[in-house]
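What follows is one structure encoded as structure tokens, with my remarks underneath.
What you see is a predicted model; the values in this text were computed from it and never measured.
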Amino acid sequence: MASTVSFSPANVQMLQGRSCHGHAAFGGCSAVPRTGPRMRSVAVRVSSEQEAAPAVRAPSGRTIEECEADAVAGRFPAPPPLVRPKAPEGTPQIRPLDMTKRPRRNRRSPALRAAFQETTISPANLVLPLFIHEGEDDAPIGAMPGCYRLGWRHGLLDEVYKSRDVGVNSFVLFPKVPDALKSQSGDEAYNDNGLVPRTIRLLKDKFPDIVVYTDVALDPYSSDGHDGIVREDGVIMNDETVYQLCKQAVSQARAGADVVSPSDMMDGRVGAIRAALDAEGFHDVSIMSYTAKYASSFYGPFREALDSNPRFGDKKTYQMNPANYREALLETAADEAEGADILLVKPGLPYLDVIRLLRDNSALPIAAYQVSGEYSMIKAGGALNMIDEEKVMMESLMCLRRAGADIILTYFARQAANVLCGMRSN
């Protein structure tokens, strides 16, 4: 059954005169047609379905119209009684503490906690370290579950593709160099057709928008396993090493590196590398200096991955003493003066105080390296069901951000980005 609604001639004229922007009724922009010069009414048919539509009702069972009428008349329903949740039996009855400030008020609900969260993390804050080698197959790294020496032609590209899919667009390369190419002077480090330059060119060809960081140091190329040239009495030669590092950085920049990262801890290398890059026209290539790199015991799994353990001795004459704090300020001042663009602290989580020190004393971006030992401990704890691996992983990364790190080099980068994107962490 349909009903008929009549409009007077005045109403019809009003409808005829409206444009689209005047909200023309019943059919878009078309005016209602006249049936004659003195039409008395226009009929609009309303379907029986519309006519029979049930009234919208409030939870009380009354219609919205009835509720609105009561509100206009000033008749408002009584609010529900306040019910205080009961405390468990045995709870002492006490007089509330006389406190004007209760910080827990801002933590009492998920919405409030999210509103007041001071530190955030996103895939854009993460840099994924990648181990590469000359082979075709990916070789698992025993001490670093889930990490591989990637074949530079295939496995590497697959890992970068998957990482970009969850928002990780920054990568740092570490090569496993064949022993036959290693020497005491590390000349392979600046071979333009070496593993790292070839890999950079491939990555930039396939993924031109990613950020490629490189490692500038001689230890992967040294037959002695040290970051610099070793004199016959065991002394690491500073200035001669810096000369080699400059050639290495220029070679990497020539291949297309976006950021070169001297990790060797030689004195003066940042300024020398900046001058070498500028002399070759690479003014836009950035330098991320390993400003505070400590002689840490957390590097063990990494050295297994690259087979780069020192053949003798240790690295304590050039890497920093883990007991020192103020010394990081000396390195910060030197790197800033020499033209560093990013300052890095390594390791990360055990050195949160140093990250904060650099953050409070420099306007430059701060990077933190969550190193192989940190990664492997979390993995091992998770595998033994001693900790929740995913939660500890995310908490550790948030701690690095909270301490002041703008970017984090971490082997968890893709796994953490999966979590941030709401996907399974695998």
Side-chain angles (χ1 to χ4, degrees), residues 123 126-183 186-223 225 248 251-261 263 299-309 369 371-372 375-376 379 409-418 425-426:
L126 307 177
V127 180
L128 177 60
L130 297 172
F131 301 113
I132 54 175
H133 70 144
E134 294 283 7
E136 295 292 330
D137 298 327
D138 299 340
I141 300 168
M144 300 180 67
C147 291
Y148 298 82
R149 293 174 185 165
L150 301 169
W152 73 280
R153 284 191 181 91
H154 304 294
L156 171 71
L157 296 181
D158 183 58
E159 181 65 28
V160 171
Y161 178 83
K162 290 177 180 177
S163 299
R164 292 180 74 248
D165 197 44
V166 289
V168 177
N169 289 294
S170 298
F171 306 89
V172 57
L173 303 175
F174 295 101
K176 165 61 177 74
V177 178
D179 288 343
L181 296 177
K182 295 181 179 182
S183 65
D187 294 338
E188 180 65 17
Y190 51 86
N191 177 4
D192 285 343
N193 291 314
L195 177 58
V196 169
R198 276 186 277 121
T199 301
I200 297 170
R201 290 194 292 268
L202 177 64
L203 287 175
K204 282 299 187 177
D205 179 63
K206 299 294 183 182
F207 310 105
D209 58 331
I210 66 172
V211 178
V212 175
Y213 292 74
T214 60
D215 179 50
V216 179
L218 297 187
D219 53 326
Y221 309 90
S222 169
S223 54
Q248 182 183 13
S251 176
Q252 294 170 351
R254 190 179 295 122
D258 299 287
V259 185
V260 297
S261 311
S263 64
Y299 304 150
F302 177 94
R303 290 173 182 168
E304 176 187 323
L306 295 187
D307 188 22
S308 62
N309 276 303
Y369 199 142
V371 299
S372 57
Y375 170 86
S376 295
K379 281 288 185 181
L409 285 66
T410 174
Y411 305 98
F412 283 121
R414 180 158 72 91
Q415 186 178 345
N418 282 337
S425 59
N426 50 34

State the [atom1]-[atom2] distance between [X] and [Y], to the nearest 0.5 angstrom.
{"X": "Y161", "Y": "I210", "atom1": "OH", "atom2": "CD1", "result": "14.0 Å"}
{"X": "F207", "Y": "S163", "atom1": "CZ", "atom2": "OG", "result": "9.5 Å"}
{"X": "Y375", "Y": "Y369", "atom1": "OH", "atom2": "OH", "result": "12.0 Å"}
{"X": "L218", "Y": "K182", "atom1": "CG", "atom2": "NZ", "result": "12.0 Å"}
{"X": "L156", "Y": "L130", "atom1": "CG", "atom2": "CG", "result": "6.0 Å"}
{"X": "Y213", "Y": "L173", "atom1": "OH", "atom2": "CG", "result": "12.0 Å"}

Review point. What residue pairs, at least two apart or across chains, pass salt bridge (charged side-chain N to carboxylate O under 4.0 Å, His left out) with a residue in residues 140-159?
Key: E136-R153, D158-K162, E159-R414

Check your understanding: Taking the six-membered ring for Trp, is the centroid-to-centroid distance between F131 and Y148 below 6.0 Å?
Key -> no

Examine distances only and state if a side-chain atom of [X] and a backbone atom of [Y] form a donor-acceptor pair shorter than 3.5 Å.
{"X": "T199", "Y": "L195", "result": "yes"}
{"X": "Q252", "Y": "V216", "result": "no"}
{"X": "N169", "Y": "R164", "result": "no"}
{"X": "D138", "Y": "G151", "result": "yes"}

**Study point:** Residues S261 and D215: side-chain donor-acceptor under 3.5 angstrom
**Key:** no

Exercise for review: Give a yes-or-no answer on whether the side chains of N191 and E188 include a donor-acceptor pair shorter than 3.5 Å.
Suggested key: yes

Review point. Got a sec, which residues hit side chain to side chain contact (heavy atoms under 4.5 Å, CB included) with P301, two or more places apart in sequence or on another chain?
Key: A143, M144, S372, S376

Study note, to complete from the structure: With sequence neighbours left out, the residues meeting side chain to side chain contact (heavy atoms under 4.5 Å, CB included) with D205 are none

Is there a side-chain contact between [X] and [Y], using heavy atoms and a 4.5 Å cut-off?
{"X": "F174", "Y": "P129", "answer": "yes"}
{"X": "V160", "Y": "F171", "answer": "yes"}
{"X": "I132", "Y": "K176", "answer": "no"}
{"X": "L409", "Y": "V172", "answer": "yes"}
{"X": "E134", "Y": "R198", "answer": "yes"}

Check your understanding: Stepwise, does the side-chain contact (heavy atoms from CB on, under 4.5 Å) test hold for Y411 with I141?
Key -> CA-CA 12 Å; Y411 305 98; I141 300 168; over 6 Å; no

Locate the shortest heavy-atom distance separating [X] from [Y]; write the atom from each residue and the value.
{"X": "A416", "Y": "L126", "result": "CB-CD1, 4.1 Å"}
{"X": "P220", "Y": "P175", "result": "CB-O, 3.9 Å"}
{"X": "V168", "Y": "A417", "result": "CG2-CB, 3.7 Å"}
{"X": "D219", "Y": "G225", "result": "CB-O, 3.7 Å"}

Review point. L157 and L150: side-chain contact (heavy atoms from CB on, under 4.5 Å), yes or no, with the steps?
Key: CA-CA 9 Å; L157 296 181; L150 301 169; over 6 Å; no

Point to revise | L202/W152 under side-chain contact (heavy atoms from CB on, under 4.5 Å): CA gap, chis, key distance, verdict | key: CA-CA 9 Å; L202 177 64; W152 73 280; 3.9 Å; yes

Point to revise | Residue pair T214, V259: steps toward the side-chain contact (heavy atoms from CB on, under 4.5 Å) verdict | key: CA-CA 6 Å; T214 60; V259 185; over 6 Å; no

Point to revise | D137 atom CG: more than 12 heavy-atom contacts under 6.0 Å | key: no

